[in-house]
Amino acid sequence: MFSHVMVGVNDLEVSRKFYDAVLGTLGVPPGVANKNRYFYRSPTGTFAISTPINGEAACHGNGSTIGFVAASPEQADAFHAAGVAHGGVSCEDPPGYREGPTGRLYLAYVRDPDGNKLCVLHRPPKPAAAQ
């Protein structure tokens, strides 16, 4: 459905270090520079950070969340820990399993240095009887 997701940032190098760290925990290579942007490419999509081209300050979207897929709860925890260690702030409930209408999910939330809310999600495989 999406070709890419891009968020605005105010300090490109601070944000590059943050995203290199958190996306690195998911196996995504460091960002590739292109003018006032960095692009993070994986086999399933592209994520980018950019200083706003209109010269105004970047701001986060209130009520917005960008979700990334984790292969395991441990990978989600590593993403969350890397985010906090690189200038992010933990938000929502602590990392852990949640039960919901779509089943059991492992979620961890962190805000980047500009306040963009990120979620890393691990969806455990359903038991054979439930498939």
Exercise. When you look at L118 and R111, which way does the side chain to side chain contact (heavy atoms under 4.5 Å, CB included) test go after all the steps?
Worked result: CA-CA 6 Å; L118 310 176; R111 288 194 181 269; over 6 Å; no

Problem set entry | Heavy-atom closest contact (N116 atom, G61 atom, distance) |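 Closest approach of N116 to G61: OD1-N, 4.5 Å.
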
For this session: Kindly give the heavy-atom pair with the smallest separation between P124 and R104, and that separation in Å.
Result: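 Smallest heavy-atom distance, with atoms named: CD-O, 3.2 Å.
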
For this session: Quick one: pull up OG in S50 and CZ in F39 and give me the separation to the nearest 0.5 Å.
Result: 7.5 Å

Problem set entry | Heavy-atom pair of closest approach, residues V28 and S42 | CG2-CB, 4.3 Å

Problem set entry | Residue N62 excluded, over 12 heavy atoms near CG under 6.0 Å | no

For this session: Search all heavy atoms of A108 against all heavy atoms of H80 and return the closest pair with its distance.
Result: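 In this case the closest contact between A108 and H80 is CB-CB, 3.9 Å.
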
For this session: Indicate if I66 and M6 have the same hydrophobic cluster label, given that clusters are the connected sets of ILVMFWY residues with side-chain heavy-atom separations under 4.5 angstrom.
Result: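 I66 and M6: separate clusters.
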
Exercise. In Å, rounded to the nearest 0.5 Å, how long is the span from OG1 of T65 to CG of L107?
Worked result: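 Separation between the atoms: 10.5 Å.
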
Problem set entry | Backbone N/O of G96 and side chain of R98: donor-acceptor pair under 3.5 Å |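 Yes: the side chain of R98 pairs with the backbone of G96.
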
Problem set entry | Donor + acceptor pair across side chains of S15, D114 (<3.5 Å) |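 Yes, side-chain donor-acceptor contact under 3.5 Å.
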
Problem set entry | Side-chain donor-acceptor pair present, E74, Y106, cut-off under 3.5 Å |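 Their side chains do not contain a donor-acceptor pair, so the 3.5 Å distance test is not met.
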
For this session: With Y19 as reference, evaluate Y38, F68, F47 under the ring pair (Phe, Tyr, Trp, His ring centres under 6.0 Å) test and give the passing residue.
Result: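 Testing each of Y38, F68, F47 against Y19, the sole residue satisfying ring pair (Phe, Tyr, Trp, His ring centres under 6.0 Å) is F47.
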
Exercise. Is it the case that one hydrophobic cluster holds both L26 and V22, taking links as side-chain heavy atoms less than 4.5 Å apart, direct or via other members?
Worked result: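 In one cluster: yes.
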
Exercise. At their closest point, which heavy atom of T25 faces which heavy atom of A82, and how far apart are they?
Worked result: CG2-CB, 3.9 Å

Exercise. Which heavy-atom pair separates H86 from K17 by the least distance, and what is that distance?
Worked result: CD2-O, 4.1 Å

Exercise. Nearest 0.5 Å, what's the SG-NZ distance between C91 and K117?
Worked result: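 Answer for the SG-NZ pair, C91 versus K117, is 5.5 Å.
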
Exercise. Do you see a donor-acceptor pair shorter than 3.5 Å between the side chains of D20 and Y40?
Worked result: yes

For this session: Check step by step if side chain to side chain contact (heavy atoms under 4.5 Å, CB included) holds for H4 and R41.
Result: CA-CA 9 Å; H4 66 283; R41 292 183 173 90; over 6 Å; no

Problem set entry | Path from L105 to V69 over hydrophobic side-chain contacts below 4.5 Å |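 No, no single cluster joins them.
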
For this session: Nearest 0.5 Å please: distance from the CZ atom of R16 over to the CG atom of L23.
Result: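 Rounded to the nearest 0.5 Å, the CZ-CG separation comes to 12.5 Å.
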
Exercise. Would V89 and V120 show up in the same hydrophobic cluster when neighbours are defined by side-chain heavy atoms closer than 4.5 Å?
Worked result: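 They do not share one cluster, since no chain of ILVMFWY contacts under 4.5 Å joins V89 to V120.
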
Problem set entry | Residues D93 and Y109: side-chain donor-acceptor under 3.5 angstrom | no

Exercise. Given T51, which of N10, D11, L12 fulfils the side-chain contact (heavy atoms from CB on, under 4.5 Å) condition?
Worked result: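 Running side-chain contact (heavy atoms from CB on, under 4.5 Å) over N10, D11, L12 with T51 returns exactly one hit, L12.
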
